[in-house]
Enquirer: 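Mind having a look at this structure? Questions to follow.
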Amino acid sequence: EFKLFSLPTRFAGLGINNPTETASSSYHTSTQGTKVVVEAIKGCGEFSSACHLDAISEARHESRKALDEVAKQKLDAILATLSPGRQRAIMRVVEGKTSSWLTTLPLQSCHFDLAPVQFRDGLALRYLRHPSNLPAKCDGCGADFTLQHALDCKKGGLVILRHNEIRDCIGDLASQVWPQVIKEPIVNEATATSSDPGLRLDLGIRGVWQPQVEALFDVRVIDTDAPSHCHRAPNAILES
């Protein structure tokens, strides 16, 4: 798995570079990016900060392009050795671009500072591994507790808790941009004389599309690895 972990995060890796493989390309990028300074020091030309910045930008662009090509080839070779389930998990990471949590600054003010167990569980889910220290039985229904059961069980409360956590996160982020964010706005009131339970949505945010007009949002969480979805690509499931 170290070969997979050595890939950039956008290619489902962890960005733990192997210096014996990257030293040559890093040296080439460094020499290309500093060539303007080197020529000026040697007295072969005048130093221009604009040309220097352009050389750095071009060297970085060419390096990233070359490294992406190599990473793509390595990823294809690694995928060929994995089971279909893990192939699906890896491709979901790549195509869904779900790796930003690994490169985001762990700012406590934005709740980006993951606890050690959260980080380990996130890596386990990323690579279709079972998180450690799972309970033996579900405390909601008493069935054997697995990762798939945790995502599907309607009695343990984990499904609604997962939904509410995402709703609250979106609401907190929206409140930093728009002045009025309401959780679970009522669209239709429930009536005591009928069986109509009423209608609530997840978020009401004023000013998203038009000034002083409330936009209503409903959060939906989909388990793309559920047995009923295994025959479809994750992106196709989300688009539907």
Side-chain angles (χ1 to χ4, degrees), residues 1-26 28-29 57-107 110-132 134 146-152 159 162-163 165-166 169-170 173 219-240:
E1 287 189 330
F2 181 77
K3 292 182 179 180
L4 178 60
F5 296 160
S6 67
L7 297 178
T9 56
R10 59 185 177 277
F11 287 97
L14 296 179
I16 306 175
N17 295 325
N18 184 347
T20 62
E21 296 180 355
T22 60
S24 178
S25 61
S26 297
H28 177 73
T29 302
S57 178
E58 182 180 358
R60 286 178 174 174
H61 175 74
E62 293 299 324
S63 175
R64 183 185 177 97
K65 183 178 179 181
L67 290 176
D68 282 356
E69 289 293 330
V70 174
K72 181 64 170 61
Q73 295 175 5
K74 289 183 178 180
L75 178 60
D76 291 340
I78 293 171
L79 286 174
T81 65
L82 301 179
S83 65
R86 295 197 67 196
Q87 288 181 12
R88 178 185 176 87
I90 296 300
M91 292 309 301
R92 178 173 58 238
V93 170
V94 176
E95 296 175 356
K97 299 179 180 179
T98 60
S99 299
S100 59
W101 66 280
L102 287 169
T103 55
T104 300
L105 291 176
L107 301 177
C110 297
H111 308 293
F112 291 161
D113 54 330
L114 299 179
V117 66
Q118 291 177 304
F119 185 79
R120 290 192 295 268
D121 288 350
L123 290 182
L125 297 178
R126 177 181 175 88
Y127 297 114
L128 202 64
R129 296 295 190 184
H130 292 291
S132 58
L134 288 179
T146 63
L147 176 59
Q148 191 62 52
H149 183 80
L151 296 173
D152 297 339
V159 172
R162 184 171 72 248
H163 169 275
E165 185 175 1
I166 296 173
C169 180
I170 295 174
L173 292 174
V219 176
R220 183 178 180 186
V221 181
I222 302 175
D223 178 15
T224 57
D225 286 334
S228 58
H229 292 322
C230 287
H231 64 286
R232 302 175 61 194
N235 285 348
I237 298 169
L238 297 177
E239 290 173 358
S240 63

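This chain uses plain numbering: 1 for the first residue, then up along the sequence. In this text the structure is predicted, and so the values were computed from the model without any measurement.
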Enquirer: State, with a plain yes or no, whether a side-chain heavy atom of Pro227 is found less than 4.5 Å away from one of Gln148.
Expert: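 Side chain of Pro227 against side chain of Gln148, heavy atoms only: contact under 4.5 Å found.
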Enquirer: So how far is it from Leu105 CG to Leu107 CG, rounded to the nearest 0.5 Å?
Expert: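 Between Leu105 CG and Leu107 CG, I get 5.0 Å after rounding to 0.5 Å.
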Enquirer: With rounding to the nearest 0.5 Å, note down the distance linking CG in Leu134 to OG1 in Thr146.
Expert: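 Leu134 CG to Thr146 OG1: 8.5 Å, rounded to 0.5 Å.
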Enquirer: Determine the minimum heavy-atom distance between Asn17 and Ser6, stating which atoms define it.
Expert: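 The pair with the smallest heavy-atom distance is OD1-O, 3.7 Å.
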Enquirer: Sequence neighbours excluded, which residues qualify as side-chain contact (heavy atoms from CB on, under 4.5 Å) partners of Ser57?
Expert: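 Ser57: no side-chain contact (heavy atoms from CB on, under 4.5 Å) contacts found.
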Enquirer: Can you list every pair that meets salt bridge (Lys or Arg N to Asp or Glu O under 4.0 Å) and has a residue in residues 224-237, with sequence neighbours left out?
Expert: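 Salt bridge (Lys or Arg N to Asp or Glu O under 4.0 Å) check on residues 224-237 returns Arg88-Asp225, Arg92-Asp225.
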Enquirer: With Glu62, which residues qualify under salt bridge (Lys or Arg N to Asp or Glu O under 4.0 Å), at least two apart?
Expert: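 Expected list: none.
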Enquirer: Taking side chain as C-beta onward, heavy atoms only, is Ile78 less than 4.5 Å from Leu7?
Expert: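 Sidechains of Leu7 and Ile78: in contact.
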Enquirer: Would you be so kind as to tabulate the donor-acceptor pairs closer than 3.5 Å made by side chains of residues 65-76, with sequence neighbours excluded?
Expert:
residue: Asp68; atom: OD1; partner: Arg10; partner atom: NE; Å: 3.2
residue: Asp68; atom: OD1; partner: Arg10; partner atom: NH2; Å: 2.6
residue: Lys72; atom: NZ; partner: Asp76; partner atom: OD1; Å: 3.2
residue: Lys72; atom: NZ; partner: Asp76; partner atom: OD2; Å: 3.0
residue: Lys74; atom: NZ; partner: Glu21; partner atom: OE1; Å: 2.8

Enquirer: Closer than 3.5 angstrom, by distance alone: can the side chain of His163 be matched with the main-chain N or O of Arg220 as a donor-acceptor pair?
Expert: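 Absent.
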Enquirer: What pair of heavy atoms forms the shortest contact from Ala150 to Val159, and how long is it?
Expert: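 Looking at all heavy atoms of both residues, the closest pair is O-CG2, 4.5 Å.
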Enquirer: CG of Leu128 to CD1 of Ile90: how many Å apart, nearest 0.5 Å?
Expert: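 Rounded to the nearest 0.5 Å, the CG-CD1 separation comes to 8.5 Å.
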Enquirer: For Glu165, what residues pass the side-chain contact (heavy atoms from CB on, under 4.5 Å) criterion, not counting sequence neighbours?
Expert: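 For Glu165, no residue satisfies side-chain contact (heavy atoms from CB on, under 4.5 Å) once neighbours in sequence are set aside.
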Enquirer: Can you run down the salt bridge (Lys or Arg N to Asp or Glu O under 4.0 Å) pairs that involve residues 117-132, sequence neighbours left out, and say none if there aren't any?
Expert: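 Those involving residues 117-132 are Glu1-Arg129.
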Enquirer: I need the minimum non-hydrogen distance between Phe11 and Val94, along with the two atoms involved.
Expert: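 Taking Phe11 first and Val94 second, the nearest heavy atoms are C-CG2, 3.9 Å.
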Enquirer: As an exercise, state the distance from CD1 of Ile16 to CZ of Phe2, rounded to the nearest 0.5 Å.
Expert: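 If I round to the nearest 0.5 Å, the distance is 6.5 Å.
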Enquirer: Going by the ring pair (Phe, Tyr, Trp, His ring centres under 6.0 Å) test, which pairs reach into residues 219-240, not counting sequence neighbours?
Expert: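 Qualifying pairs, neighbours excluded: none.
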Enquirer: Please name all residues satisfying side-chain hydrogen bond (donor to acceptor under 3.5 Å, both in side chains) with Ser63, sequence neighbours left out, ordered by chain then number.
Expert: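 Testing Ser63 for side-chain hydrogen bond (donor to acceptor under 3.5 Å, both in side chains), a comparison that skips the adjacent residues, returns Thr29.
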Enquirer: At their closest point, which heavy atom of Asp113 faces which heavy atom of Pro106, and how far apart are they?
Expert: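 The answer is CB-O, 3.8 Å.
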Enquirer: Looking at residues at least two apart in the chain, or sitting in another chain, which of them share a side-chain hydrogen bond (donor to acceptor under 3.5 Å, both in side chains) with His28?
Expert: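 Once residues adjacent in sequence are excluded, His28 has no partner under the side-chain hydrogen bond (donor to acceptor under 3.5 Å, both in side chains) criterion.
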Enquirer: Above 12 or not: heavy atoms from other molecules or residues under 6.0 Å from CZ of Arg162?
Expert: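 Counting other residues, nucleotides and ligands, CZ of Arg162 exceeds 12 neighbours.
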Enquirer: Would the distance check show the side chain of Gln87 and the main-chain N or O of Pro84 forming a donor-acceptor pair, the cut-off being under 3.5 Å?
Expert: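 It does not hold such a pair.
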Enquirer: Side-chain contact test, heavy atoms from C-beta onward, threshold under 4.5 Å: evaluate it for Leu4 versus Tyr127 and give yes or no.
Expert: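 In contact.
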Enquirer: Taking only residues two or more places apart in sequence or in another chain, which ones pass side-chain hydrogen bond (donor to acceptor under 3.5 Å, both in side chains) with Glu58?
Expert: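 For Glu58, no residue satisfies side-chain hydrogen bond (donor to acceptor under 3.5 Å, both in side chains) once neighbours in sequence are set aside.
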Enquirer: Kindly write out the residues that satisfy side-chain hydrogen bond (donor to acceptor under 3.5 Å, both in side chains) with Thr9, not counting sequence neighbours, or none if the list is empty.
Expert: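 side-chain hydrogen bond (donor to acceptor under 3.5 Å, both in side chains) check on Thr9 returns nothing, list empty.
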Enquirer: Once rounded to the nearest 0.5 Å, what's the spacing between atom CG of Asp223 and atom CG of Leu151?
Expert: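 Asp223 CG to Leu151 CG: 4.5 Å, rounded to 0.5 Å.
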Enquirer: Calculate, to the nearest 0.5 Å, the distance between atoms OG1 and CG belonging to Thr81 and Leu79 respectively.
Expert: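 These two atoms lie 7.5 Å from each other.
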Enquirer: Suppose we screen for side-chain contact (heavy atoms from CB on, under 4.5 Å). Which residues come up paired with Ala80, at least two apart in sequence or across chains?
Expert: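 side-chain contact (heavy atoms from CB on, under 4.5 Å) check on Ala80 returns nothing, list empty.
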